[in-house]
Amino acid sequence: MSEAIKKFMYVNRKAPYGTVYALESLEVVLIGAAFDQDVSMAFMDDGVFQLTKGQDTGDTGVKNFSPTYKALGDYDVNKLYVEKESLEERGLSLDDLMPLTYEDEDDDWNEKPSIKLVSRSELTDLMEEQDVLMNF
Amino acid sequence: MSEAIKKFMYVNRKAPYGTVYALESLEVVLIGAAFDQDVSMAFMDDGVFQLTKGQDTGDTGVKNFSPTYKALGDYDVNKLYVEKESLEERGLSLDDLMPLTYEDEDDDWNEKPSIKLVSRSELTDLMEEQDVLMNF
Amino acid sequence: MATLHTVNKSPFEKNSLERCLSTAKDGSTILFIEDGVYSAVKGTKVSSSIEAALGKHNVYALKPDVTTRGLSDNMIDGIELVDYDGFVDLAAECSKVQSWL
Amino acid sequence: MATLHTVNKSPFEKNSLERCLSTAKDGSTILFIEDGVYSAVKGTKVSSSIEAALGKHNVYALKPDVTTRGLSDNMIDGIELVDYDGFVDLAAECSKVQSWL
Amino acid sequence: MKFGVVVLEGPYTHEAADTAYQFTKAALEKGHEVFRVFFYHDGVNNGTRLTTPPQDDRNIVTRWSELGEEHGLDLVVCVAAAQRRGIVDADEAKRNGKDADNIAPSFRISGLGQLIEAGIQSDRLLVFGD
Amino acid sequence: MKFGVVVLEGPYTHEAADTAYQFTKAALEKGHEVFRVFFYHDGVNNGTRLTTPPQDDRNIVTRWSELGEEHGLDLVVCVAAAQRRGIVDADEAKRNGKDADNIAPSFRISGLGQLIEAGIQSDRLLVFGD
């Protein structure tokens, strides 16, 4: 396509497992990675629960899709904005989240963290910069 | 059936139209009226919006099911408990609700109001008395 | 151009309104649709937050959803009612749409 | 016999927990299932209300839903974990079930 | 003890469909009776045989069918809710002029009276929904 | 102006399916272009021809089909979401060994790339959901 690159943000506000929104949102992000756009993900409100480490679905029988977040770096999806206030209200800190990383091709393929902690007002500014907001 | 009569309460906590819960709940109540049980309905939280008067769905094209509440009296469903606190939090009073009535066969078929305003603690006591709670 | 924020949840049941108000930039447009129109009812436990928002945002409610719920006479002053045509106009005028699902 | 109250909604998103706590009689049993288990996480903005409830109610969380969400180490002390068998036992022991949908 | 189970949400969409299944299975395995599982609202979508979930995920519909088969469980889909959502058996297809049906094995379509009856006959009624 | 519309909830169940329809119709009648309506999550359930709603209610599926027919509107059902929920066309039925299909007229089944493309090609993308 000849269009300019658009800034896409996937806005995740829902907890995983209770409803399918989180899982099917992630499927969109993976497919979307094949398109040459400027992609980021926002995790706010209960969306931050999508990234907790140690998810183990053995006893519920539902599909554990948390490993897929670890693959995002390989798909060049490496801007995962997590809202600080949402984490704090939920008794969580960065240590409770999966350590997600990517290899930075502009910096000799050094491994860097994909999760960027941002304040509510920083996230608001980031949302304003986007061309397209995909809400899930 | 030879079983003793059970006390059934339909617990309505959801607003109408936004989701189908209210409409399909009402369908259960109408069918349930054919069974010889002790039936009541509770309207609490956003469930109180189910009873507002003047509902007019012409512009959305959705089905206006509010007239059906007026028919409940004819089906001997005449205990509609509306929680005061829920009404007040939503800026509503009894005057904002449809005037629902039934004819009391034990009192010379006098017309009486079906809606009974109750406090949160009275409603709690009523819920405790039930045998079956149908949650919608 | 500002963002159009749509809220389709009851403020008494879910956190969408609160979240929208704490995030929307001054000067942006807010449209209540579906159960979101309950946010526009006067004299409720959340109406003061809406009245405060009126000074910072352009606030609309989808008229078909208001009349469907029998709430036409209960609206907070200063909230403009629009029909589906008006919704389309708002979406076109704003730079993008944030749906607070 | 007391009523079993089940809560399956996140307390950060919906009003179900708040409503359950303001309605459940002292001595009744509360079970968190599905996204309701987020109510059982320690150090959150709602955890003090749960800690207060522990003095009045028997509070449980469905273990499979806790482990699924990776929260086993984040539980408030005093909340007992049960599996589906335990859920069945609670439903059988209580007089009826109120689902705070 | 005799349980009645009501399912109000569709498969995969909401965990209620999973919890209802796991509860029902656990109750049966503990020797309790499950008088009926009644599918209402979007719960009727648990009863279509046309799903093909990803191979690394559970098959919710098949799981219900097998549990029904194994325990002679009464899996009832509400006819009114099913008509709104397009869940039909051969009779319903004929009656409503449809050229196909999609009901899954072990499920049957019936009226709302079956829900009331479950409330009357069961010692405990549990509602799983959104 | 070119709009893209995303529908995440099923018919009757959630008003989002109604609002999305009314928005799309109004946009078309005002002379705007609607690049695509993409049905995802339970939104795929808008695309089954097997529904029989009560006669005094709107027919949501037929309404979409007619709007699609009238305006040459591209109504796309996500294949992955459709497989989980049992929405199939003839090809999908064959591919997955199903003995029936249920897709409604004017709808087509395709991949998630169609959603991304709608985001890229449309001037405004609107998401209707729960």
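Computed from a predicted model, the values in this text were never measured in an experiment. Quick note: numbers below take in every heavy atom, side chains included, and nothing from hydrogens, waters or symmetry partners. Protein chains get the first letters and strands the later ones, always in sequence-line order, with residue 1 at the start of each.
- The parts of E:D56 that come within reach of chain A are both its backbone and its side chain, each placing non-hydrogen atoms under 4.5 angstrom from that chain.
- The distance from the CG atom of A:L23 to the CG atom of E:D57 is 7.5 Å, given to the nearest 0.5 Å.
- Within a 6.0 Å radius of CD in E:E69, no more than 12 heavy atoms belonging to other residues, nucleotides or ligands are found.
- Checked against A:T60 for a side-chain contact (heavy atoms from CB on, under 4.5 Å), the options E:E15, E:Q22, E:R58 give a single hit: E:E15.
- Atom NZ of A:K116 has more than 12 neighbouring heavy atoms from other residues, nucleotides or ligands inside a 6.0 Å radius.
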